[in-house]
**Student:** 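Okay, handing you the structure first.
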Amino acid sequence: MEATSSSCPVMLVTQAITNLEKCKSMTELRQIHALMIKTNLVANTFAASKLVSFCCLSGGLDHAVSVFHRIQNPNPFIYFTLIKCFTDSSNPLESISLYAHMLTCLEDWKGVEFSLPSVLKACGKIKAFDEGQQVHGQILKTHFLFDPFVANSVIRMYLEFGRVEFARQVFDEMPERDVISWNSMITGYLREGDVELARGLFDEMPGRDLVSYNAMIDGYGKCGKCELAEEIFGMTSQKDVKTWTSMISAYLHNHYPKKALDMFREMLCLGIQPDAPALVSVLSAIADLGFIEEGKWIHAYISTKKIKMSNGFIGSALIDMYAKCGHLENAFHVFRSISHKRNIGDWNSMISGLAIHGLGTVALEVFHDMERMDIEPDEITFLGLLGACSHGGLVDEGQHCFKLMQEKYKIVPKVQHYGCIIDLLGRAGHLEDALGVLQNMPFEADVLAWKAILSASIKHENAAAGENAALRAIELAPEDSSCYVLLSNIYAKAGRWDDVAKIRSMMKQRTVGKIPGCSSILVKGKVHIFLVGKAMDENCTDEVLSKIKDVVSRLKFEGYEPDLTQVLLDVEEEGKESLLSLHSEKMALAFGLINTSHGAPIHIVKNLRICRDCHSFIKLVSRVYNRRIVVRDQNRFHHFENGFCSCKEYW
DNA sequence: ATAGGGTTAG
């Protein structure tokens, strides 16, 4: 028998609901419940289900269950309320049990279909494959597959299991597909990396909506097909903030941070309000570019719009941005300001931020705070820590961290973690040990592991080890120009000119292009970009070139000797010195010397690793011209002051 | 009741 609502006047029901909606604490909730029992409102289906769902929302799942048990003959809708709560809770298994229990209690299955999406979601969430198949079986028997809500949920569940072929079968069998069915299949294929199949469905589907477009943009972006993402982006005239965010992150994933930033600006111009995810992705682009002014603007925007820093990634994105723009104090400031509501990402960003500045000891201190506060570190925390030790030359501490992560935190190291350890040992000159780790680790060595050995070999002048490492790295990443260049440098240094020529022609044959060096500098709020021997704003090229000449001759007085050992690939002997002096970071530095006042610090961002000559050049400039110079290269920060660099030659 | 976007990583 259905609980009667006729016994309760409508007024009372509405009153109870209003009370529930205003309710702020469990104590209040209990009072309302008591009143509802007194007036027999608990017998009213609608009021009772509201009560159950409010219990769930305020975190009192237990209370919800006890309320539920006092309801006589709960109807499918009340079951549904609690099932949904269980699905969203940390214990979705309960949702499946309650569903099974409901089936044994109900005589009439009318209304059961409302619970099916929740139950299927619960199965997917806890990867309960067998249970999921059982529910699927029941759905087939009871013909609920006719209900697109139900069928779509079955599809979603199989996708959650990673079984696209099962999902596809349901998709093919279901009597009536709606736009959600198509979109679900498309995202399923995209998650598998099967863009062609996804695109096939996208082209074939009868009526696309925004979700379809956004999913394709996102999918293309993630698999490195930026042009195709752009194509889809251009196909739809209606765009929402997610469309823009998808395109921004597509640019980001494909290493076009400038385009990502431009896209964000365009979005703002059209009056679209960025939300947290949009801001997080643009912050990441800004961090890549090192555009501190834009970063500060976004920070101010977040503050004025009162966007929460605690949940989500806003805090970590801000910390990361400030650290990568060289403003560690601001990163720390954000980090401190969220001290009571930090998530793991906030800690990780702070630790990695300190790592790129070479502040290994501080990073370890932050980690100790984390341990004191019982925050469970994850694998990224340890990548940051190992990197911090590596850049800070802290060999023992790094090895200790590596042990700690396995023994105390039971984290199984990935190939990246081994890469860090190899790098750590290699940099510190323990080349044999580094090779030992590489040979004994439970993974095939990847490019980065070999590149770590390669740069350690070069630094510690072991040509044979370097040659071997370079050859292995080239095998694994034939498109990466840096390994060819380093190898040919090794050959050149040994006078093996035939081999130098061989490498050069190999590069030509494989059309491996060198990535052009590029540096940027911020002067009076404007970013200026320099390539080798050329300013993007060509008006100032000549002025910069003559300034470099001045600086070089002044430094030569102080004992500067151009280090020609790294310009061995393409150039004749007499061209080497002038080519060296045209490196983009020297151009940017000269521009900074011309256009900033005496004693003002200079910040430069470079896309590649800084070369040895530029490094000693800038050290000297910092002393002779009495300037603090901060350079971010591909790997880390260099803080130059009074002739010294913070990296202590660890780079 | 079912589908879409986000950070930190050698």
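A note on names: the letters A, B, ... follow the listed sequences, proteins ahead of strands, and every chain is numbered from 1.
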**Student:** For the base of B:dA1 and the side-chain ring of A:F149, does the geometry meet a stacking cutoff of under 5.5 Å between centres and under 30° between planes?
**Tutor:** yes
**Student:** Looking at A:S281, I'd like to know whether one of its side-chain N or O atoms comes within less than 4.0 Å of OP1 or OP2 on B:dT7.
**Tutor:** no
**Student:** Within residues 385-396 of chain A, find the residues that approach DNA chain B with a heavy atom at under 4.0 Å, and present them sorted by residue number.
**Tutor:** none
**Student:** CG of A:L252 versus C1' of B:dG6: gap in Å, rounded?
**Tutor:** 10 Å
**Student:** Which whole-number value in Å describes the distance from A:Y251 OH to B:dG6 P?
**Tutor:** 16 Å
**Student:** Under the ring pair (Phe, Tyr, Trp, His ring centres under 6.0 Å) rule, what do A:H136 and A:F166 come out as? Steps first, then yes or no, please.
**Tutor:** CA-CA 11 Å; A:H136 182 191; A:F166 282 46; 8.3 Å; no
**Student:** Side-chain N or O of A:K324 less than 4.0 angstrom from OP1 or OP2 on B:dT7?
**Tutor:** no
**Student:** Using a heavy-atom cut-off of under 4.0 Å over every strand shown, decide if A:G384 touches base, sugar-phosphate, or nothing.
**Tutor:** nothing
**Student:** With a non-hydrogen cut-off below 4.0 angstrom, is A:K222 in contact with a base, only sugar-phosphate, or nothing?
**Tutor:** sugar-phosphate
**Student:** Choose from B:dG10, B:dG5, B:dT2 the nucleotide whose nearest atom is closest to any side-chain atom of A:T245.
**Tutor:** B:dG5
**Student:** Compute the centroid of each ring, for A:F335 and then for A:W347, and state whether the two points are separated by less than 6.0 Å.
**Tutor:** yes
**Student:** Which of these nucleotides, B:dT8, B:dG5, B:dT7, is closest to any side-chain atom of A:N348?
**Tutor:** B:dT8
**Student:** Side chain of A:F114 only, heavy atoms from C-beta on: which candidate in B:dG6, B:dG10, B:dA1 is closest?
**Tutor:** B:dA1
**Student:** For A:F77 and B:dA1, what is the distance between atoms CZ and P respectively, to the nearest whole Å?
**Tutor:** 7 Å
**Student:** Round to the nearest Å and state the distance from A:E113 atom CD to B:dT2 atom P.
**Tutor:** 14 Å
**Student:** Could you check which of B:dT2, B:dG10, B:dT8 has an atom nearest any side-chain atom of A:L383?
**Tutor:** B:dG10
**Student:** When you measure only distances, ignoring hydrogens and angles, does the side chain of A:N635 come within 3.5 Å of the base of B:dG10 through a donor and an acceptor?
**Tutor:** no
**Student:** What is the distance, to the nearest angstrom, from the CZ atom on A:F86 to the P atom on B:dA1?
**Tutor:** 18 Å
**Student:** Do A:F202 and A:Y213 have ring centroids that are under 6.0 Å from one another?
**Tutor:** yes
**Student:** Taking only the side-chain heavy atoms of A:K121 (C-beta and beyond), determine which of B:dG5, B:dT2, B:dT8 contains the nearest atom.
**Tutor:** B:dT2
**Student:** Give a yes or no on whether a donor-acceptor pair under 3.5 Å exists between the nucleobase atoms of B:dT8, that is its base, and the side chain of A:S349.
**Tutor:** no
**Student:** Rounded off to whole Å, could you give me the CD1-to-C1' distance for the A:I307 and B:dT7 pair?
**Tutor:** 15 Å
**Student:** Touch check for A:A449, heavy atoms < 4.0 angstrom, all strands: base, sugar-phosphate only, or nothing?
**Tutor:** base
**Student:** Given side chains that start at C-beta, do those of A:L383 and A:C420 come closer than 4.5 Å, heavy atoms only?
**Tutor:** yes
**Student:** Among B:dT2, B:dG5, B:dG10, which nucleotide has an atom closest to any side-chain atom of A:Q416?
**Tutor:** B:dG10
**Student:** Considering every strand and a 4.0 Å limit on heavy-atom distances, what is the contact class for A:R191: base, sugar-phosphate, or nothing?
**Tutor:** sugar-phosphate
**Student:** Contact class for A:V241 (heavy atom, under 4.0 Å): base, sugar-phosphate, or nothing?
**Tutor:** base
**Student:** In whole angstrom, what separates A:I314's CD1 from B:dG6's C1'?
**Tutor:** 8 Å
**Student:** Assess, by modelled atom type and distance only, whether the side chains of A:Y409 and A:E379 contain a donor and an acceptor separated by less than 3.5 Å.
**Tutor:** no
**Student:** So what does A:S352 touch, heavy atoms closer than 4.0 Å: a base, only the sugar-phosphate, or nothing?
**Tutor:** sugar-phosphate
**Student:** Between P on B:dT7 and CD1 on A:I298, what's the gap in Å once rounded to a whole number?
**Tutor:** 15 Å
**Student:** Quick check, are the ring centers of A:Y79 and A:F114 under 6.0 angstrom apart?
**Tutor:** no
**Student:** I'd like to know if A:R199 and A:E231 make a salt bridge, using a cut-off of under 4.0 Å between side-chain N and carboxylate O.
**Tutor:** yes
**Student:** Just checking A:A215: base, sugar-phosphate only, or nothing, at a heavy-atom cut-off of under 4.0 Å?
**Tutor:** nothing
**Student:** Is A:D147 touching bases, backbone alone, or none of the nucleic acid, heavy atoms closer than 4.0 Å?
**Tutor:** base
**Student:** By the 4.0 Å heavy-atom rule, please label A:V150 as base, sugar-phosphate, or nothing.
**Tutor:** nothing
**Student:** Does any N or O donor sit under 3.5 Å from an N or O acceptor when you compare the side chain of A:D240 with the base of B:dG5?
**Tutor:** no
**Student:** Judged by modelled atom types alone, do A:N343 and A:N311 share a side-chain donor-acceptor pair under 3.5 Å?
**Tutor:** no
**Student:** Using every non-hydrogen atom in the two residues, find where A:A470 and A:C483 come nearest and quote the distance to one decimal.
**Tutor:** CB-O, 4.4 Å
**Student:** Among the nucleotides B:dT8, B:dG5, B:dG10, which one has an atom lying closest to any side-chain atom of A:S246?
**Tutor:** B:dG5
**Student:** Going by the rule ring-ring contact (aromatic ring centres under 6.0 Å, His included), which residues pair with A:Y251 if we only count those two or more places apart in sequence or in a different chain?
**Tutor:** none
**Student:** From the list B:dG10, B:dT7, B:dG5, which nucleotide is the closest neighbour of the side chain of A:D423?
**Tutor:** B:dG10
